[in-house]
Each structure stands twice: as C-alpha cells, then as structure tokens.
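Take a look at the structure below.
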Amino acid sequence: MGTTRDTDVRTEGGNGDRGDANGTGDTAVRDAGDLGAAGAQLSTAPRETAMPGSFGGARTPGATGWLGWAGREVIGWARWIWRQLTSMRVALLLLFMLSLGAIPGSLIPQSGTDETKVADFLARHTTVGPIYEKLGLFHVYSSAWFSAIYILLFISLIGCIVPRTWQFVGQLRGRPPRAPRLLTRLPAYTTWRTEAGPEEVRDEALKLLRKRRFRAHLDGDAVAAEKGYLREVGNLAFHIALIVMLVAFAWGQLFKSEGNKLIVEGDGFANTLTQYDDFKSGSLFDTNDLEPFSFVLKDFEGTYEETGPNKGTPRTYQAKVDYSVGADGEEQKKTVKVNEPLDIDDSKVYLTAHGYAPVVTVRDGKGDIVYRQAVPLLPLDSNVTSTGAIKVMDGYKDAKGKQEQLGFQAFFLPAYGGDGTAVVSQFPALLNPVLNLAAYHGDLGVDAGLPQSVYQLEKKNMKEFKNSKGEQLRENLKPGETMRLPNGAGSITFEKGVKEWANFQVTRQPGAGWALVGAFGAIFGLAASLFIQRRRVWVRAVTGPDGVTVVEMAGLGRSESAKVPEELGVLAGTLYDLAPSVPDTPDQPRSDTPDQPENETPEPPAVPAEGAETK
C-alpha cells in the first residue's frame, strides 16, 4: 500500500497574486482578491497612481457642468503631482541633484568663504566668470536653485514619512491578515496528513510560531503569523534620519559663525565681534549667541624633522593657552593642537596657522622711541620665509623736527643660509634668524579712510631712503643689530627676542551633533531595510473527507527571496515532528508520489535548494 508524502515545500515565482489557470468567472476573481488581501500591507509604500486626463482614462463633463469637471481635473492633477513628489524615485533624484549641486560649491571659490579668491577668479576667467556669477556658482548654498532642490527634497521626505508612519502604526496595532482560501497559490507551500486533531495542530503551530518571534493569532481554521516589522522601522528611520540631517545642515548654515584671530605670544583674545580679524556668519546669527570666553596664548611650540626626506616637516605643532569661561570663570590650561581644538559649549577653537613676530624698536631723529612691538609676518613657504610691513604712523619726527610717517618692507628668515643676496630661509626653526628691511618715509595712506592690509606697504606716497651709494637702503639684521637711517632720520633695531604667533579659528556650528546623529541613523536604518525581510506564514489544519486532518503551510514575503521557503521548511519540519503524517488510504492514491512499502516511515518535509521548484 502506498503512503502520501506531499510534504515538501513547493516554491514558485511571483508575488502570490497570480490567477488560476483553471479558474473562471467569479471564483477566479474572488481567489485573486483573496490573495491580494493576504499580501497587502507588507509595505507602507504608496501605490502608483495613473496620470489624470487622457493618460488615466477619458473624462467628459457630467451633469455638474464644465466647472465641476475642471475642478475634478485640477484636484486629480494635484494629487498625481503630490504622489510623484513624495515617491521614492523623486526623493532619490532630488538627493542626487543635491549632491551634484554641492560639487561646484567645493570646486569654485565661494563669496561667503573668500571674497579675494572670487575676485581673483573673475579677473582670470573673463569668459566663464560672468556665467558662473549669473548661475550663482559663487554662492551655491544660498542660491535660488540649490534652495529649491533642498526645499523640494525636504517636502518630499515629509510627505512620504507622515502617511507611511500612520499606516505602519495601524499595522502594529492590527493583526496579520487571515489565510487565503487557496494556500496553494502562494510562493512557498507544503502539506501533509496527520492523525492529530485540527485543534491540536493549530495550538502547536501557534506555540511554535510565537516561539520563533512571529506575531501570531488563531483565525478560524488557520493560524496567521507575521515577522520582520523592523524592516519597515528601518525604512522609516532612514527617511527620518535624512530629514534630521537636512534640518541640521540648514540650522548650522543659518546660525553658524566663523572668525579668525592672529595672536602673538603673550597676547589674549576675548570672544567678542570686535576682537576678530575677520568674521562671517549665517543670516540668522546674533552676536548674543557668542559664548563668553577668553584665552591668552602663553607659548607656541613647533619642532621639525631635521634630516631625511621629510626635513622641515612639523613634528610638534601646538599652542599652550590659559582660558576662562564667563566673566568670573576659573582660569584653566589647555594645549591646542591641529586636530585637537579647544571646546567651549558650541564653539570650537582650532589652531590653523603659525608664524614669527620679530620684535623691533624704532627711534626718531632725537633718539626717542616712537614704536616698539612684535610685528607678525606672513609665511611664504614651508620654511617660514615671511614677509610683512612695519608701519610707524604717529609720533615720528626726523632730525629737522618734521613730522611724517615711516614704513619698512620686512622679510624674515628663521634660518638664513644665503650668500647675502638671496632672501630665503633654509629651515622653519629659529636657527639663524635674519630680518631684511627696506626703509621708506612719507605718507602711508592710512589717514585717507580707505582700508588696507596690515601686511602690505602702500608705497604710492612713500619715498625710499637712500644709502651712501645712492641705492635703496636695505640691510640684513641679526638679533640685536640696528639699521641707521640716513641724515640722522632715526634708526630701527631688531631686538633679540623673537616671538611666535598662532592663528586661531573660532567656529560655531549648532547642528553638527544632530547631523552626526542623522548620519548614523541613516546607516542603521538603511541596513535594517536591506537585510531584514518582512514575511507571513499561515498554517491551516482541517478535517478531510476521510476524517484525517489535512495540514497546509504557506509563506509569503515582500520580495523574491530564498529565506521564505527555507524558513517555511524549518517550521514545517518542526511541526511535522509534533504531528507526523499518516499513510494514504487505497481510495486516495497520489499520482505525484511514488509507491512505498506499507510499513515505511514517512519522511518529514524537505527544504528545497535555493531557486528549486519541487512538489
């Protein structure tokens, strides 16, 4: 006598919403709708809608007249446009456009960052420069087209998240849908007959599924179960994280501030607007947002590689500061390095540059000191060959008592190694410091009210001092040496103490922390939506015509995957051990199963190989 072994998991292509080749009329329609209900709500993604008008079917004015028809057309188009805007493909397209739009902001000089570079670019590129300016490529992040993309992406994400969130909450509060009438139509399916009662099989199936962390409940003659809700949680988390990143980016751009301050050793800085050398901020920034703190640069330490291919490369590059927060804050010490800023609330103080400030003393024709201070000079190369200007604006009088202004074009060489003509440094450390000076007298132009750089000498109304040979007066001074001006006009002395300066950048980016949180949230949300599969399992147990219980198990996933049939095979094998199959009766032969000896023990449901289709 043969035994029935139709318990192997059968897998099929498709999504479980297929028609019956043998079904006709109302039965086929009802079966298709039944399967559609079983596979519904596996995702919260909105369904595609047809374009209104001629693309969505012909429409003609009805009894309400042309006005009512036109109103329906407008509403239809508005709904279709909204669905397109909130679709995933449009959101990805906008995100891609936003990424492309940020490229010129990184490659082309931006007016909000460096006006000088923008002016230089326009001067050198007379053809493309005006075109870039009309397109807003010199201020990308505040341009109309970039803002439009940004706002549309924000609206698209909000319009996608809100309805899907409410829909998902409804799914969490509900139960998995009831089993379809024909489980054989589902992609993964298995069945067998057992002597255990239907209620006993259903109870065991309910316990098994709940033990495997399925949400399961008994519905009529079947158990409905579902798993993988975290996939949709990850999908929603990814969208929410993108919104957090967009809001953080916008918040940071609107309320940001960034300023630079050059400080010589021994000098200090207070975080007020007037203390900065240059300052820029977002459109909604307020000066009251500046954190109240101050610090003093006590010492700058820089050491360099002395030999080898990396000769001159910095080894130690740090500034030691004493800082305090608030008017009555306790003084604290901090060593600021290149990648280790000073953190004070939302502000960060970065060390960005370094140079030398030789101390000079200028005396007038009578020998009185009219100028004495450390003069910061700007580095020109990696060996810190530096240049700058020394301007004596007030208090100077020549030997005849005539009041005028002095100016000195200065070059500083921390490690002079030239032959007396080359103005170049051989090493960045103070090994053989030399100060090269060229002297001028006249009008510096500072009283004209026009801004000018403190590092450049305006020579338009200045005259050169001449030496005894009638040549421009220029000398190399070592620490402690003095250059005498001709005709008793005074002198300038290079003092032995050479100070160092450090440039600090104080930045305030309020949304940086939230942007980081959004980035991590997007990564985890995307991983969950990619690697977690949402699937459903149904177990039906009913009494057959011969009084023997017929067990059916079927599974359905959101997408084609080998995980559903494999998981169903494992569940079926476990349930089979609890409710083993019985031999077929002679009246119920199975044409698709080979005959077996009467006493042979049936095998449990087998798990098919990936991609296999078995019965």
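Quick note: numbers below take in every heavy atom, side chains included, and nothing from hydrogens, waters or symmetry partners.
- Within 6.0 Å of the CZ atom in R484, the count of heavy atoms belonging to other residues, nucleotides or ligands does not exceed 12.
- Under the 3.5 Å distance criterion, the side-chain polar atoms of W501 are matched with a main-chain donor or acceptor of Y356.
- Rounding to the nearest 0.5 Å gives a distance of 12.5 Å between CD of Q332 and CZ of F293.
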Under 3.5 Å, which donor-acceptor pairs do the side chains of residues 340-347 form with other protein atoms, sequence neighbours left out?
unit_1 : atom_1 : unit_2 : atom_2 : d
D343   : OD1    : K348   : NZ     : 2.9
S347   : OG     : E291   : OE1    : 2.4

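- Summarising the geometry of A489 relative to F465, their closest heavy-atom pair is CB-CE2, 3.9 Å, with the distance given to 0.1 Å.
- Looking only at distances, a side-chain donor or acceptor of Q110 sits under 3.5 Å from a matching main-chain atom of V140.
- Considering CG of D443 and CG of N461, their distance stands at 5.0 Å, rounded to 0.5 Å.
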Donor-acceptor contacts under 3.5 Å from residues 98-105 side chains, at least two apart:
unit_1 : atom_1 : unit_2 : atom_2 : d
S99    : OG     : L95    : O      : 3.0

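- R231 places a side-chain N or O within 3.5 Å of a backbone atom of S529 that can act as its donor or acceptor partner.
- What you find for I532 and L230 is that their closest heavy atoms are CD1-CB, 3.6 Å.
- Taking the six-membered ring for Trp and thresholds of 30 and 60 degrees, F412 and F494 have ring planes more than 60 degrees apart, a perpendicular arrangement.
- Using cut-offs of 30° and 60° for the angle between ring planes, the F121 and Y132 rings count as parallel.
- No side-chain heavy atom of V321 sits under 4.5 Å from any side-chain heavy atom of I263.
- For the pairing with V362, the side-chain contact (heavy atoms from CB on, under 4.5 Å) check across L485, L406, I369 returns one residue only, L406.
- The two residues A241 and G521 make their nearest non-hydrogen contact at CB-C, 3.6 Å.
- In this structure, OH in Y455 is found 9.0 Å from CG in L377, a value given to the nearest 0.5 Å.
- Counting heavy atoms of neighbouring residues, nucleotides and ligands inside a 6.0 Å radius, atom NZ of K366 does not exceed 12 of them.
- A donor-acceptor pair shorter than 3.5 Å cannot be found between the side chains of D394 and Y371.
- Between the side chain of E265 and the main chain of E500, a donor-acceptor pair closer than 3.5 Å is present.
- To the nearest 0.5 Å, atom CE of residue M483 and atom CG of residue L437 are 5.0 Å apart.
- Looking only at side-chain heavy atoms (C-beta outward), V349 and F269 stay at 4.5 Å or farther from each other.
- F154 is listed as a side-chain neighbour of V247, based on a closest heavy-atom distance under 4.5 Å.
- Taking the six-membered ring for Trp and the full ring otherwise, the centers of F285 and F279 sit less than 6.0 Å from each other.
- When atom types are taken as modelled, the side chain of K298 and the backbone of D322 share no donor-acceptor pair closer than 3.5 angstrom.
- Side chain to side chain, Q472 and Y440 meet the donor-acceptor criterion of an N or O pair below 3.5 Å.
- What you find for V424 and Y416 is that their closest heavy atoms are O-CD1, 4.1 Å.
- A distance-only check finds a donor-acceptor pair linking the side chain of W145 to the backbone of L135 [under 3.5 Å].
- Side-chain contact between I240 and L157 is absent, with no heavy atoms from C-beta onward closer than 4.5 Å.
- For F300 and Y317, the ring centers are positioned less than 6.0 Å apart.
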Side chain to side chain contact (heavy atoms under 4.5 Å, CB included) evaluation trace for Q409 with K459: CA-CA 10 Å; Q409 186 70 52; K459 304 176 184 177; 3.7 Å; yes
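- Within the 4.5 Å cutoff, the side chain of D289 has no heavy atoms near those of the S257 side chain.
- Residue-environment remark: NZ (K397) stays at or below the threshold of 12 foreign heavy atoms within 6.0 Å.
- Here the closest heavy-atom approach between residue I108 and residue L137 is recorded as CG2-O, 3.8 Å.
- You'll find the side chain of V360 stays beyond 4.5 Å of the side chain of F408, heavy atoms only.
- Put simply, OG1 on T352 and CG on N503 are 3.5 Å apart, with the number rounded to the nearest 0.5 Å.
- For CG of N487, the number of neighbouring non-hydrogen atoms (other residues, nucleotides, ligands) closer than 6.0 Å is 12 at most.
- With rounding to the nearest 0.5 Å, the separation of CD in E258 from OH in Y276 is 10.0 Å.
- At distances below 3.5 Å, at least one donor-acceptor pair connects side-chain atoms of Q405 with backbone N or O atoms of L444.
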N/O donor to acceptor pairs below 3.5 angstrom from side-chain atoms of residues 383-392, sequence neighbours left out:
unit_1 : atom_1 : unit_2 : atom_2 : d
N383   : ND2    : S425   : O      : 3.4
T385   : OG1    : D381   : OD1    : 3.4
T385   : OG1    : D381   : OD2    : 3.1
T385   : OG1    : S425   : N      : 3.0
S386   : OG     : V384   : O      : 2.9
T387   : OG1    : A410   : O      : 3.3
K391   : NZ     : Q452   : OE1    : 2.6
K391   : NZ     : S453   : O      : 2.9
K391   : NZ     : Q456   : O      : 3.0

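- More than 12 non-hydrogen atoms from other residues, nucleotides or ligands lie less than 6.0 angstrom from CG of D286.
- The two residues L297 and V264 come nearest to each other via the heavy atoms CD2-C, 4.0 Å.
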message: Checking E495 against T361 for the side chain to side chain contact (heavy atoms under 4.5 Å, CB included) test, could you report, in this order, the C-alpha distance in whole Å, the side-chain angles of both residues, the deciding distance, and whether it holds?
response: CA-CA 7 Å; E495 304 293 345; T361 301; 2.7 Å; yes
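- Residues M97 and L93 meet the side-chain proximity criterion, which asks for heavy atoms closer than 4.5 Å.
- Of the N and O atoms on the side chains of D277 and N260, not one donor lies less than 3.5 Å from an acceptor on the other residue.
- For the pair S142/S147, no side-chain contact is recorded, criterion being any heavy-atom separation below 4.5 Å from C-beta on.
- In the displayed structure, E306 atom CD is contacted under 6.0 Å by at most 12 heavy atoms of other residues, nucleotides or ligands.
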- request: Could you go through the side chain to side chain contact (heavy atoms under 4.5 Å, CB included) check for N476 and K478 one step at a time?
  value: CA-CA 7 Å; N476 288 338; K478 292 187 176 182; over 6 Å; no
- request: Please test V336 against Y350 for side chain to side chain contact (heavy atoms under 4.5 Å, CB included), starting from the C-alpha separation and ending with a verdict.
  value: CA-CA 7 Å; V336 182; Y350 292 92; over 6 Å; no
